[in-house]
Every structure is written in C-alpha cells, then in structure tokens.
Amino acid sequence: MRGSLLLASLIGLAVAEDGLAAWLRYARIPGGKCHRKKLPSAIVTLNATEGLPVYTAGQELAEGISSMFGKKLTLEESGTDADVPTVTVGTVGAYSESGGDVEDLPELIEDGYYLHISGGDVLILGQNERGALYGTFQYLARLAQGKVSDESFASNPDAPVRWVNQWDNLRDGGTHGSVERGYGGDSIFFWDGKIRDDLTRAGQYARLLASIGINAVVVNNVNANETILTEENMDGLARIADEFRPYGIQLGLSLNFASPQTLGGLDSFDPLDETVIEWWQGITDSLYERIPDMAGYLVKANSEGQPGPLTYNRTLADGANLFARTLQPHGGIIMFRAFVYDHTSLNQDLDWKADRANAAVQFFDGLDPQFEDNVVIQIKYGPIDFQVREPVSPLFAHMRETGSAIELQITQEYLGQQAHLVYLAPMWKELLDFDLRVDGEDSAVSDIISGKRFNNKLGGYAGVANVGHNTTWLGSHLAMSNLYAYGKLAWDPSSEPVDILEEWIKMTFGHEQEVIDVITEMSMESWPAYENYTGNLGIQTLTDILLGHYGPNPASQDGNPWGQWTRADGDTIGMDRTVLNGTGNAGQYPEEVFEMYENIETTPDNLLLWFHHVPYTQVLKSGKTVIQHFYDAHYAGSAVAQSFVPRWESLKTKIDAERYEHVLFRLVYQAGHSLVWRDSINNFYFNKSGILDEAGRVGNHPHRIEAEDMELDGYRTYLVSPFEAASGSLCIVTADNSTQGTASTKLDVEAGTYNVAVNYYDQAIGNSTWELYLDEELVGKWHGDLEYELGRAPSPYIDGHTAARITFKGVQVESGSILRIVGTPDGEEPAPVDYISILPEDVID
Ligand code: GCW
C-alpha cells in the first residue's frame, strides 16, 4: 500500500506540470539508469532532529534520488558498512563528533558548505545545519542537471543577508489586493486579517528558497499593518516559522512605526519616548518567545504615507536604532529601508532642482556613524523605483560604517508584471558589477553590500518576490527564472546570468538542447527588448505611474509630486541631474562616477536622459538622434517580442502541454501588448515633437482599418485617454451596456491568405464577447477575460493597460469581402475595438 502511494506521488510529480514543484521537480533523468552505480545506496544524517535542516536534507536526498533515478536509498542515523556507497550529511561539528576527519576541510563561513563527491560516496558538510541543507540541494541540483562526475569543493555565501520580502497584506481588497504588486494570486500566508490555517504553501515556498540559498523571508508588506502584532497573529506567525524552520528559513517581519499608538493605545510613537521603547521591547520579547530564531525586522518609515520618526523631529537613525536595540538581546537584525522621500511636495514647475532621486542621500546624510551594529540599510538598486534602467543608487557609496543591502524586485512591477517575459538577472548583474569608485578605489556594488569593501559585518540582498497562491507561484512559469537567479546571484554575484538560466531550464524543462537553447536565447534577449519597447536612454519605464504601473502612459510621469519625471516638452526631454545646471544628483556619486555622469559626452547613451535634458534632435554616440532612437528602438524591441511566439512554438513537442500552453498564451499576449507599447510611445513623442520617423513607420499603418472608420451600428466612437493608447486616438464602444454593436467594412485587399489581427480593450469590469466574420463566416470569437488569465494589475479603463490584440492566422480573404465585427457588451465593458489589421504573411503591424 505504502509503495503504491509513493509511486502515485512520484507519478504525480512527473505529470502534474502545474509549476508547483518549480525547479525542484526531480524529473527522471534521461538515461538515468546508467548512472545508478555512481549514486549512493544509503543516506546517513548526522545528529538529525526532525524539523531541522539536516533531517530535511535526508528526506530530500531520498526523494530526489528515487524520483530522478528510481533508486531507493536507505536512511540511517549512523555509519554504514564501508562497502555501501553512502551520502553523509551533517554539520562540520557533528561530523567531527562522529569521528570524521575535519582537519583538511576548506574554510567555511556561516551557511557555507563543503561537498565531496567520489562516485557513490558523498560527503555534505555544512558550517551549520542550513549549510548542510544548501549543500544537499546543490548535490541534487547537479544530479538534476545530469552531472554525476566526481567533484570536491566548498561554497560560501558572498553576503550574510539573503532575504526575500513579500509584500503580503493581511487582507484582500483595498488598492492592492492580497499581495501588493503581486501577480501570482492571493497571499500564501494571510487571509481575512489572520494567518491562514493551512500553511502548506509556506513550507513549499521555504523549500524552494532554501534550494537557492535564501535564509529569511519577510512575510508581510512593508506598508505594514499594526494588527500583525495582535496576540493571535503573533501565534500565527509562529506557525509560519514552524513551516520555515525545517528548511533553515528564518522569519522576518515588517513593522508599522506607529503601532505603539494604533495598536498599543499609547499617545505617541516617538522613538525616544520611554513608554514607546518599552512597548516595542515587550513586542520583540514576546515574538522571540514564540519564534526564538526570528531573523528580525524590516521597516519602511516616512515614505509614501508610512509613519516614521520624522513626525517627532527624530532622525531616521533614531527610528532604526529603536528596533535595533530591542532586537540585540535576541540576535536579530533590522533592515531599515532607504526608500524615503516626500511624495507630496515635489514640484517640477516651481523648482528645476527638485529631484526625488536625491532624496535617499539627503535623508541619510550624516547618519552613517549613528546606526547600531545590527542595522542594515536596505537600498533599492536605483535612486527612483525599480525602473527598466536606472544607475545604481548613490547611497551605496555613502554607507560605510553601516552595512547595506541591495533591494531587487523579482516581481516585475515596472517590467511587465509577469505578463511579459523579462529575465532580470542580466540587469541585476550589471548593477552588482557597477564600480562606484569610492575614494578612487575598486568599489563594486556587490563588494559594498557583502561587507568586503568597508569591512561591515552585515549586508547583502533583499529580493521582493511576491509569490502568490497560484501553482505557478509568480503567475508565469518563465518568470520563475528570476526567483531562481535572485538566490543564485545573492549567493555568488560573480555567477553569469546565462549559466544560471541554463541550470534553471534543465531542472525546470528538461535536458533537450533545443529547449535549453530556445529558452536561453529568448530570456537573454528579453530585458533589452522590454527596455526598447518601454523606455529608452534612461527615461524610465514610460508606464502609467498613477495607475497600475503596467501599460504605457508617458504623460502620467510629469506634473505630479511623485517625482518620476521625464520633463518632456515640444523640443526637449530628460532630467538635468548635473551639478552645473541641474538637480545636482550626479554630484552624489563619488568623483570618477560623478564626472562620467556630469558630462554628456561620457554619459552612456542608455542613461543619457536620466542625467541630461536634451533636444529630441540631440545626436547619440550611435549617430542617431534621440527621437529616431526612440522610434527605432520601439520597433526593434517589439519585433523581438513578436519572435518569441514562433520560437516557443518550435518547442511544442518537447514541453508538456500544460506549461507549453500557459507560456504560449502569455507570449502571444506579450507580442500584442509590445505593439501597444511601441505605437503608444512613438505616437506620443511624435505628437509632442512633431518630428517624423525617418523610416516612415510612425503614424503610418497601411494594413490597418480603424474601427471608427467602419460602418457602425450599435457602436459609437470614443476618444481614448491617454490618446496614444488608441490607433488614431479613437476606438469604438457599444452604444450602451446592453446593445450589441456591429462594425463592418468592405475589404480593399487582393484576394489571398492573411493574418487578421484585432486590437481591442479588455477591461476588468465585464466579459464582453467579440465575433469576427468574413462574408457571414465566423472567423473567430473571444471573450474579454484577460483579467482572469493574467495576474497583471487590472484596469477598469480603456487605456494602455487594457489594450490587447488577438490574431487569426491564415485567413482566406477575397477582394471585396465584407468584414464584420460584432461586439456584445457585458457588465460595464462595452466591447471596445481599436482597429483591425489585414496582414500579409510576415508583416506585423
Ligand atoms: O514601487 C513602489 C510600489 C509600492 C511599494 C513601494 C515601496 C510597498 O509601487 O507598491 O510599496 O514602492 O517599495 O515601498
């Protein structure tokens, strides 16, 4: 009975490719049987206690090897016969106690491991239990990639802090739903203000994270709710920590600075007030009573409406130290965010020198020596906010006595929200490798945050992951390469993004070379492509910053106090951040970097508009003008996105249907939405600058039929806002919520086979139906239900978020055929249509 259950679960693992197992599928290794002799037959765990990582390592080895090779291993607690090939796993300490020779072991630091593979005899030793589990996962990952060769090496993490942040809210609803900027479904931790009863997913998440070297998860949103600290919720947090502990993952908590007042009933939250200090000490003590291995806190203070010490004229250091001191007796640390800025009073019209990018260095100015030893300043990679291209934050160069951590965003808030394929590791790698030249010396960001550059004990990485309850975790199978790569880079920032990717593909999709090649190439091209069709030359992701952060809306960036400005007018564009004429931001960088950015000649093209305000006719190093670069890049980027579809289709027989279809759906959508981006941005800047595209493409779409030009019955024209989100600024909508609309036209094309594309809007306020007919014959019918299919921010409007395209391929069209689209509104959604393209083979427009 047990055997058949086990078998069922193994088969289950092999066939249910819903993404839940991510890269830990332990799929059968092709030709795995031949390798069996090189595998251990027994597992010895040293000093294993159920619920702790070494015990988990034993279980994982048994499951992994059985699942990948069909070989069942025996699990023992002490040594085996010398002639039984054995994998031994434990801490260095336990190994030494069991009589093992540790004299010649390479040096291991906290969380490090040593892995020695000699045929079936394998030794996995961790500096601590967690390290032993990391080493185990590494051994299994090698096997999963088909590597069975002998090997002996030690691996130590580059930095001590390798955390994941979840922006999970305690409740669904509100502006951001269950997980703020989460595109993979509801929180795996919280529901209805409380910790979920069933925390199975929390354990599964911890397992994934342990396999990539992560050591802590902050479970709740930095926009924190004080009710996380009720007695009931603290008990619940202890249950989450219990799920994490077998994997060596520690729990971290975001705090709301005003909690002493809002939850504790005190009349103040002044960080220097004794009663406030006592209140926090009480909270910290009772958390540690429940969770003795808690990692610590994360605090967002005085930012975007969150309360903080500045309310009481105290410094940010006073605020951070308050928590630091309560944590010290327990060995916890506080990650204090540098994302501090005033979003209420910045005014670009009144003050040419106003600049949100300056905020972090200004707010932290002079505080560096004041922080307690267990404070880490958590700094977003760039000075603004997770844009497609930013220079690294200058604050990394200012924190010397205090450890710092880089905040990266795995969830693709400004990078396509998991509805667009964007492999982020190449971007992260560029940021980590960037040399800030502090005091004229080598100062790579990775060396600053690891503590090496300034001799800090603490520092490292915080990755905002925002996984959700979907089986895909992030909402897209391909996006999981970002989570994987985040862990791998945090462990070893010298790793190459392409190598990380290939490992991930092998474990996630299998070993076929074609699969590896196609996914590698697509992924490696994806960030440059996305940058090309969203925001070039350092202008930022030209998205709607007031709504959703998803679709195009460049005008939304300017004219408000959020400070993500482009300063575009009829002739010029870009932020002047020079010291000479501008906001002075370039001057926040160390000398050599300052000089590079201050001078337009030495500023790299890809950051030109970040640092300089120039005419659209400014000539780049490439020889093109800024405006022509915009046009060309948007065409080039979206052309790459078009190519993802056939490339993925070439893998149809090589990937399980479930994941193949899920990914295909997103890539087809991305191809369509990249055109929305391309045309919106190009139309917008053409309209602003009045400068023609040298290649004659912008505003010139010979294959399109504008819906507003068709014969309408029950449909009416509608002026779209922002105007550039519609071809010709107009679309059609049904006359009311209950009347069907028809738009028809006589086609003026030569008879032949065409791809027929319809650009429409799929709002999150109904599920309209569209039917497309050619001479009374139904070509296709679809529903406006993308809001259920894609996790990206929903929008109720007809705009750049909701604009989408559906394409019917190989349609036989006769000259003079009547094309008719019938839209049936639903709810508040009036079956909007923008245009129809009749495209000859190989033409996309
Ligand atoms: O990028 C912005 C996001 C907010 C987020 C904030 C932050 C959690 O739009 O959703 O709030 O940054 O990082 O604090």
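Just so it is clear, the values below take in all heavy atoms, side chains as well, and ignore hydrogens, waters and symmetry mates. One-based numbering, in listed order, for ligands and for the atoms of each.
- Of all atoms in ligand 1, numbered sequentially from 1 with element shown, those under 4.0 Å from a heavy atom of H549 are 9 (O).
- Each of the following atoms of ligand 1 lies closer than 4.0 Å to a heavy atom of K300: 6 (C), 7 (C), 11 (O), 14 (O).
- Ranking protein heavy atoms by distance to atom 6 (C) of ligand 1, first place goes to E304 OE1, 3.2 Å.
- In this structure, Q409 does not count as a contact residue of ligand 1, since none of its heavy atoms falls inside 4.0 Å of the ligand.
- Partner of I539 under the side chain to side chain contact (heavy atoms under 4.5 Å, CB included) criterion, chosen from L542, T541, L537: L542.
- Residue contacts with ligand 1, taken as heavy atom pairs separated by less than 4.0 Å, involve N221 solely via side-chain atoms from C-beta onward.
- Within the listing of ligand 1, atoms 6 (C), 7 (C), 12 (O), 13 (O), 14 (O) sit less than 4.0 angstrom from a heavy atom of F339.
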- Residue pair N169, N221: steps toward the side chain to side chain donor-acceptor pair (under 3.5 Å) verdict: CA-CA 6 Å; N169 294 316; N221 193 350; 2.9 Å; yes
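- Among all non-hydrogen protein atoms, the one lying nearest atom 8 (C) of ligand 1 is N223 ND2, 3.3 Å.
- The pair D385-R356 counts as a salt bridge, with a side-chain nitrogen and a carboxylate oxygen less than 4.0 angstrom apart.
- At a 3.5 angstrom cut-off on N or O pairs, E407 does not count as close to ligand 1.
- One finds the CH2 atom of W428 at 11.5 Å from the OH atom of Y461 (value rounded to the nearest 0.5 Å).
- Not a single donor-acceptor pair under 3.5 Å links the side chain of N165 to the backbone N or O of V218.
- Of the protein's heavy atoms, K380 NZ, 3.0 Å lies nearest to atom 12 (O) of ligand 1.
- Scanning all protein heavy atoms for the shortest distance to atom 4 (C) of ligand 1 gives E180 OE2, 3.3 Å.
- By the 6.0 Å contact criterion, CZ on F371 is enclosed, its count of non-hydrogen atoms from other residues, nucleotides or ligands being greater than 12.
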Note to self: As a quick check of understanding, evaluate ring pair (Phe, Tyr, Trp, His ring centres under 6.0 Å) for W527 and Y423, giving each step before the final call.
What the structure shows: CA-CA 6 Å; W527 171 50; Y423 178 51; over 10 Å; no
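- If you number the atoms of ligand 1 from 1 as listed, the ones under 4.0 Å from a heavy atom of V222 come out as 8 (C), 14 (O).
- Exactly one residue among V299, I283, I228 makes a side chain to side chain contact (heavy atoms under 4.5 Å, CB included) with L253. That residue is I228.
- Considering only non-hydrogen protein atoms, atom 2 (C) of ligand 1 sits nearest to D385 OD2, 3.1 Å.
- Contact analysis leaves H176 out of contact with ligand 1, as no non-hydrogen atom separation drops below 4.0 angstrom.
- In this structure, R337 has a heavy atom closer than 4.0 Å to ligand 1.
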Report the C-alpha distance between Y312 and F269 in whole Å, list the side-chain angles of each, state the deciding distance to 0.1 Å, and finish with yes or no for ring pair (Phe, Tyr, Trp, His ring centres under 6.0 Å). CA-CA 8 Å; Y312 294 93; F269 56 90; 4.9 Å; yes
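- Once rounded to the nearest 0.5 Å, the distance linking CG of L424 with OG of S481 reads 8.0 Å.
- The nearest heavy-atom contact from the protein to atom 9 (O) of ligand 1 is E413 OE2, 2.5 Å.
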